[in-house]
Protein chains: 2
Amino acid sequence: MTASPDLLFRALADPTRRGLFERLCLDGEQTVAALTNGAGISQPAVSKHLGILRQAGLVRDRHEGRQTHYSAQQRALAPLVDWTGRMTRFWEARFDDLEDLLKRMDQ
Amino acid sequence: MTASPDLLFRALADPTRRGLFERLCLDGEQTVAALTNGAGISQPAVSKHLGILRQAGLVRDRHEGRQTHYSAQQRALAPLVDWTGRMTRFWEARFDDLEDLLKRMDQ
DNA sequence: ATTTCTCATAACCACATAGTTATGGGTTAG
DNA sequence: CTAACCCATAACTATGTGGTTATGAGAAAT
């Protein structure tokens, strides 16, 4: 279930939404209430953002009783990595641009 | 001159704009007229998109007589690569999600 | 059974943004 | 010098989108 780069870029374009994804990536699974806390927006807004992230495959939801736990699906970022790869690793791309990037990719 | 992830994501979120960047990456430097040809939108719209890409550091413009040549600056993608790295290469991130991504990054 | 709690959806609003046409500045051609 | 050309900016419009409040469905607690 790999989403299109378009869906991914659009989902990650909003800073609030990207912030939610970052929190899920760094702090692990969390409930909607926990995510709402500290997001600076209302709970319905958070739910909407999570819906968009879910549609892009970036998060998964797990229902447990009356609360929903969300977690990041890092592998959904794969098309993004592939895309940057295609844009950079290309025949005529100048080397001084590539050097830097390839270093970062190798850690 | 490295731009923020936010600026980059927002610049690349629009499909038309991303298409322009892709063409510059794959086909090399081109004039505005050349880019307008095949973009399916008017020349002013293309100029506006290029302005946004330039502001994000993703393209460079070179003036030559009455025409402007644009070229991709692939190194501007670095913050994006770093960001995905931070989101994936993190302590508790599950391995089955990482395996796949790291393979892609190593080519 | 009733109340409370968590979350999602609906309806609405304000603003951002991607497109258009019109126009002007600088450059080459005639 | 004048005309044609390339591109950028201005002004405007329509649609998308991120936020709100109101409400309801489902589960837990009393």
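- Judged as a side-chain hydrogen bond (donor to acceptor under 3.5 Å, both in side chains), and not counting sequence neighbours, the contacts of Arg62(A) are Glu29(A), Glu64(A).
- Using a distance-only test at 3.5 Å, with no hydrogens or angles considered, no donor-acceptor pair links the side chain of Arg17(A) to the main chain of His49(A).
- Recorded end-axis angle for the helix from dA1(C)-dT30(D) to dG30(C)-dC1(D) stands at 10°, based on five pairs per end and rounded to 10 degrees.
- With Arg60(B) contributing its side chain and Ser71(B) its backbone, the two residues share no donor-acceptor pair below 3.5 Å.
- The side chain to side chain donor-acceptor pair (under 3.5 Å) analysis of residues 32-47 of chain A, with sequence neighbours excluded, yields the pairs Gln43(A)-Ser47(A).
- One interatomic measurement links the two molecules: OH of Tyr70(B) to C1' of dC7(D), which rounds to 8 Å at whole-angstrom precision.
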Exercise. If the sugar-phosphate is the primed atoms plus P, OP1 and OP2 and the base is the rest, what is the B/S/- string for nucleotides 13-22 of chain C, using protein heavy atoms under 4.0 Å?
Worked result: ----SBBBBB
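- Considering only residues two or more places apart in sequence or on other chains, Arg66(B) meets the side-chain contact (heavy atoms from CB on, under 4.5 Å) condition with none of them.
- For the ring pair (Phe, Tyr, Trp, His ring centres under 6.0 Å) test, residues two or more places apart in sequence or in another chain that qualify with Phe9(A) are Trp83(A).
- Counting only residues at least two apart or on different chains, the salt bridge (Lys or Arg N to Asp or Glu O under 4.0 Å) pairs with a member in residues 1-13 of chain A are Asp6(A)-Arg10(A), Asp6(A)-Arg18(B).
- Qualifying side-chain contact (heavy atoms from CB on, under 4.5 Å) partners for Leu35(A), counting only residues two or more places apart in sequence or in other chains: Leu20(A), Arg23(A), Leu24(A), Gln30(A), Val46(A), Leu50(A), Tyr70(A).
- Between the P atom of dT6(C) and the CD atom of Gln30(A) lies a distance of 15 Å, rounded to the nearest Å.
- Residues that satisfy the side-chain contact (heavy atoms from CB on, under 4.5 Å) test with Ala3(A), not counting sequence neighbours, are Leu7(A), Leu8(A).
- Residues of residues 54-67 of chain A having a heavy atom closer than 4.0 Å to DNA chain C, listed by number: Arg66(A), Gln67(A).
- With sequence neighbours excluded, the residues that form a side-chain contact (heavy atoms from CB on, under 4.5 Å) with Gln67(B) are Thr31(B), His69(B).
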